[in-house]
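Accompanying notes for the structure given below.
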Protein chains: 4
Amino acid sequence: MAQKTEQARTKSGAMQSRRAELLEISARLFAEQGVRATTVRHIADAAGILSGSLYHHFSSKEAIVDEVLREFLDGLFATYKEIVRQNAGPRDALERLVRASFQAIHDSRDQVAIYQDEIKHLQGIPRFDYLELRNREFRDMWIEVLEAGQASGAFRADLDPNLTYRFMRDTVWVAVRWYRPGGKVSQEEIADQYLRIVLDGLADD
Amino acid sequence: MAQKTEQARTKSGAMQSRRAELLEISARLFAEQGVRATTVRHIADAAGILSGSLYHHFSSKEAIVDEVLREFLDGLFATYKEIVRQNAGPRDALERLVRASFQAIHDSRDQVAIYQDEIKHLQGIPRFDYLELRNREFRDMWIEVLEAGQASGAFRADLDPNLTYRFMRDTVWVAVRWYRPGGKVSQEEIADQYLRIVLDGLADD
Amino acid sequence: MAQKTEQARTKSGAMQSRRAELLEISARLFAEQGVRATTVRHIADAAGILSGSLYHHFSSKEAIVDEVLREFLDGLFATYKEIVRQNAGPRDALERLVRASFQAIHDSRDQVAIYQDEIKHLQGIPRFDYLELRNREFRDMWIEVLEAGQASGAFRADLDPNLTYRFMRDTVWVAVRWYRPGGKVSQEEIADQYLRIVLDGLADD
Amino acid sequence: MAQKTEQARTKSGAMQSRRAELLEISARLFAEQGVRATTVRHIADAAGILSGSLYHHFSSKEAIVDEVLREFLDGLFATYKEIVRQNAGPRDALERLVRASFQAIHDSRDQVAIYQDEIKHLQGIPRFDYLELRNREFRDMWIEVLEAGQASGAFRADLDPNLTYRFMRDTVWVAVRWYRPGGKVSQEEIADQYLRIVLDGLADD
DNA sequence: TATGAATGAGAATTCATTCAT
DNA sequence: AATGAATGAATTCTCATTCAT
């Protein structure tokens with residue numbers, strides 16, 4: 001969006017914005033129909049060009065997926081890293097990680113959906129090795145927070161941190177399947193309720 | 001099951017078992033690689049026949065997916081229905097629904113994985129209308145239990161039942177992505193921890 | 001039809017009637033959908049058996065077509081031959097050829113339709129060489145009658161017999177496309193009208 | 001035709017001519033071997049490209065058949081319409097309809113043959129509904145002429161117009177089966193003889 | 001940057017036919 | 001005579017990619 005203000009200033013600027021536009025279109029289609037089911041012709045049609053012309057911007061369909069995911073994960077990593085760096089205490093940190101994740105679902109629905117739907121099938125392709133790398137980094141940050149919380153007494157000690165991490169991660173990301181921006185429930189409210197359940201439980205005690 | 005006794009291994013028994021075998025193979029490949037990425041040749045190769053021969057048993061690839069999912073969902077529906085019918089009180093019912101779901105993940109990993117991965121892309125295909133039907137039935141059962149629990153004071157009243165239902169459903173089913181039968185943590189232990197978090201919360205209070 | 005009276009007398013009698021039944025079913029399907037579009041499974045389904053079982057009766061699909069056509073053409077040849085043999089004068093002979101043809105359309109609609117639709121694509125297959133043979137025999141008989149009529153002054157002499165033959169032949173046989181037995185117009189009435197048009201034009205008056 | 005002038009052989013002209021070329025090749029093969037028996041590979045081979053490349057130009061084999069027939073029928077309709085519009089009297093009109101039809105056989109042999117051979121099997125496919133529509137329009141024009149002729153005394157009144165129409169239509173079109181352009185008998189001579197037979201029979205004399 | 005024509009590998013599906021039982 | 005499972009070749013169609021213009 002931001003780059004559209006300076007859109008046609010220079011040749012490279014124009015190209016940049018065209019790239020960004022094509023990535024956005026691709027991401028939307030990938031999220032809606034799945035990467036495999038989205039043909040380069042779908043993308044080209046949506047962009048108003050012929051499929052062959054896409055190859056002036058990207059070297060392959062895979063490269064488009066790559067760029068979409070890489071950009072998204074780099075941004076998310078920076079966000080998470082900043083939260084952990086601030087070191088605000090385990091409970092606060094956990095809350096912020098959750099809220100940041102729901103924010104990402106809100107801001108980058110397509111990218112989150114693609115990540116969720118495709119990671120299983122992208123694992124093992126060398127080009128996408130960074131997915132597992134990022135995965136590990138994310139996991140380490142969550143577990144760091146969870147273990148710090150168990151050590152400090154903020155979180156119950158009878159839970160396996162690894163299992164709890166998976167629970168948290170899945171709980172949050174899977175919401176992309178039904179969350180609709182602009183719907184009845186805002187992403188902040190969803191985050192609130194999720195945190196209430198996760199931190200305090202369903203049981204009325 | 002019944003037809004697997006010696007006496008029943010007659011003509012129709014043999015046919016049944018061949019179909020069942022092919023469905024099992026298909027389910028495994030669909031779960032591993034995705035429906036789209038699994039070609040009928042993959043399935044046929046894994047079954048030791050030629051791809052054309054599959055069409056002696058099933059009318060199309062879609063029909064195989066259909067049969068795999070339909071069988072699974074019918075079984076799950078019966079299980080859920082029985083739990084709700086027993087009317088053991090909201091908290092017990094919720095616990096049993098969760099445990100039954102983890103049991104399904106254990107018993108029918110492939111089917112659950114297929115369901116999770118493909119439902120988004122199967123929605124809207126008339127042949128798979130029953131997916132949404134079952135979805136609604138499942139939701140109604142969960143929400144019935146959750147609302148009964150809020151009414152009886154077993155569950156906190158400050159949570160939106162719909163949101164809570166989604167939370168429960170998603171967190172349970174998404175576990176199929178990483179659960180491995182025969183791994184370090186049994187499905188019963190996972191269910192235990194999940195229930196502890198969900199019912200009592202992460203916070204140490 | 002006739003053989004159905006003695007249908008199950010002997011084993012070979014039963015087989016004969018089964019063959020006849022299968023030929024009848026095949027002819028109907030071939031006529032309705034075309035030979036190519038009719039699969040052996042269609043035939044088998046219509047006969048209430050499995051497609052493989054057809055091969056106990058016929059060595060191939062082609063053999064079925066062959067038998068259907070050969071039987072029909074042999075019968076028609078005998079009919080034509082008898083008309084020409086009676087030597088009742090050119091105009092009478094022509095009339096009888098036309099009437100016999102409409103009778104054949106009435107009695108053997110399926111066979112006539114198959115012949116009309118498929119002859120073009122069967123020409124050149126050695127097994128069906130007899131089609132061209134019969135064709136030539138039919139043509140020779142018609143032309144014999146036509147030329148006799150021109151010689152005797154019964155028919156106008158300013159028309160090319162070959163062209164006239166084709167005109168007559170086409171005129172008659174193509175009616176199979178729309179003639180429905182039991183419909184408003186009987187095959188005798190159609191023959192009458194056709195003859196009136198054709199003869200009063202052909203006749204030297 | 002127009003675009004074949006030098007100036008018009010630009011982009012769209014080239015594309016037009018490529019499409020037209022492929023349609024011509026397809027029509028020839030369809031007419032020779034039947035639509036069903038003509039594979040897209042046959043067409044592609046004859047065009048010197050790979051079969052998949054055909055789909056750059058047409059969305060399916062059916063679409064090719066469609067385009068071939070639609071173009072032909074639209075042209076024929078315009079020709080017939082013009083003849084009827086000129087209102088030259090029934091006998092003249094009939095003569096012109098016959099001559100126009102033989103001209104169509106001469107100019108568009110392949111298309112007429114395809115129409116004759118395939119209409120039976122295309123009826124009922126929604127995409128080809130226009131075939132029946134055109135059929136009705138053609139019939140109405142012929143019958144209009146025939147009835148006007150009976151009313152004016154130009155044609156005998158003792159013949160059923162409907163039956164007579166079928167007679168005319170069938171005898172004319174079926175000639176495509178044996179007419180060879182450049183053969184011994186020109187299409188004008190054939191039309192002459194056909195008209196002599198038909199009219200001197202129809203004429204009220 | 002874009003077009004338009006083509007490639008080539010592979011997808012699902014069809015179908016006549018075979019054969020052990 | 002019939003079944004049921006399979007074959008194997010062919011068919012229509014898809015789609016990422018290339019490349020001359």
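Note that this is a predicted model, so its numbers are computed, not measured. Every chain is numbered from 1 and lettered A, B, ... according to where its sequence line falls, protein lines coming before strand lines.
Every residue was checked against the salt bridge (charged side-chain N to carboxylate O under 4.0 Å, His left out) condition with C/Asp45, not counting sequence neighbours, and none meets it. C/Glu118 pairs by the salt bridge (charged side-chain N to carboxylate O under 4.0 Å, His left out) definition with nothing, not counting sequence neighbours. Residues satisfying the side chain to side chain contact (heavy atoms under 4.5 Å, CB included) test with B/Ile125, not counting sequence neighbours, are B/Glu62, B/Leu122, B/Arg127, B/Phe128. For C/Arg70, the side chain to side chain contact (heavy atoms under 4.5 Å, CB included) partners at least two apart in sequence or on another chain are C/Asp66, C/Asp74, C/Tyr130.
The line from CZ of B/Phe30 to NZ of B/Lys61 is 6.0 Å long, rounded to the nearest 0.5 Å. Interatomic distance, C/Ile114 CD1 to C/Arg109 CZ, rounded to the nearest 0.5 Å: 11.0 Å. For the atom pair CD1 (C/Ile49) and CD1 (C/Ile25), the distance works out to 8.0 Å, reported to the nearest 0.5 Å. Atoms CG and CD, on D/Leu22 and D/Glu24 in that order, are 10.0 Å from each other to the nearest 0.5 Å.
Atoms CG (C/Leu54) and P (F/dT3) sit 10 Å apart, rounded to a whole Å. Rounded to an integer number of Å, the gap from A/Leu50 CG to F/dC15 P is 16 Å. Spacing between atom CD of B/Gln33 and atom C1' of E/dA11 amounts to 14 Å, rounded to whole angstrom units. Look at CD on D/Glu21: it is 13 Å from C1' on E/dA5, rounded to the nearest Å. C/His57 places its NE2 atom 13 Å from the C1' atom of F/dT3, with the value rounded to the nearest Å. As rounded to whole Å, 14 Å separates atom P of E/dA2 from atom CG of A/Asp45.
B/Arg19 places a side-chain N or O within 3.5 Å of a backbone atom of B/His57 that can act as its donor or acceptor partner.
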Pairs under 3.5 Å (N/O, protein and nucleotides 14-18 of chain E):
| residue | atom | partner | partner atom | Å |
| --- | --- | --- | --- | --- |
| E/dA16 | OP1 | C/Lys61 | NZ | 3.2 |
| E/dA16 | OP2 | C/Val40 | N | 2.8 |
| E/dT17 | OP2 | C/Tyr55 | OH | 2.7 |
| E/dT17 | OP2 | C/Lys61 | N | 2.8 |
| E/dT17 | O5' | C/Tyr55 | OH | 3.4 |

Read 5' to 3' with Watson-Crick or G-U pairs under 3.5 Å, [ ] for crossing pairs and | for partners on another strand, DNA chain F gives .||||||||||||||||||||

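Taking only side-chain nitrogens and oxygens, D/His56 comes nearer than 4.0 Å to OP1 or OP2 of E/dA5.
Within 4.0 Å (heavy atoms only), A/Ile49 reaches sugar-phosphate atoms of the nucleic acid but no base atom.
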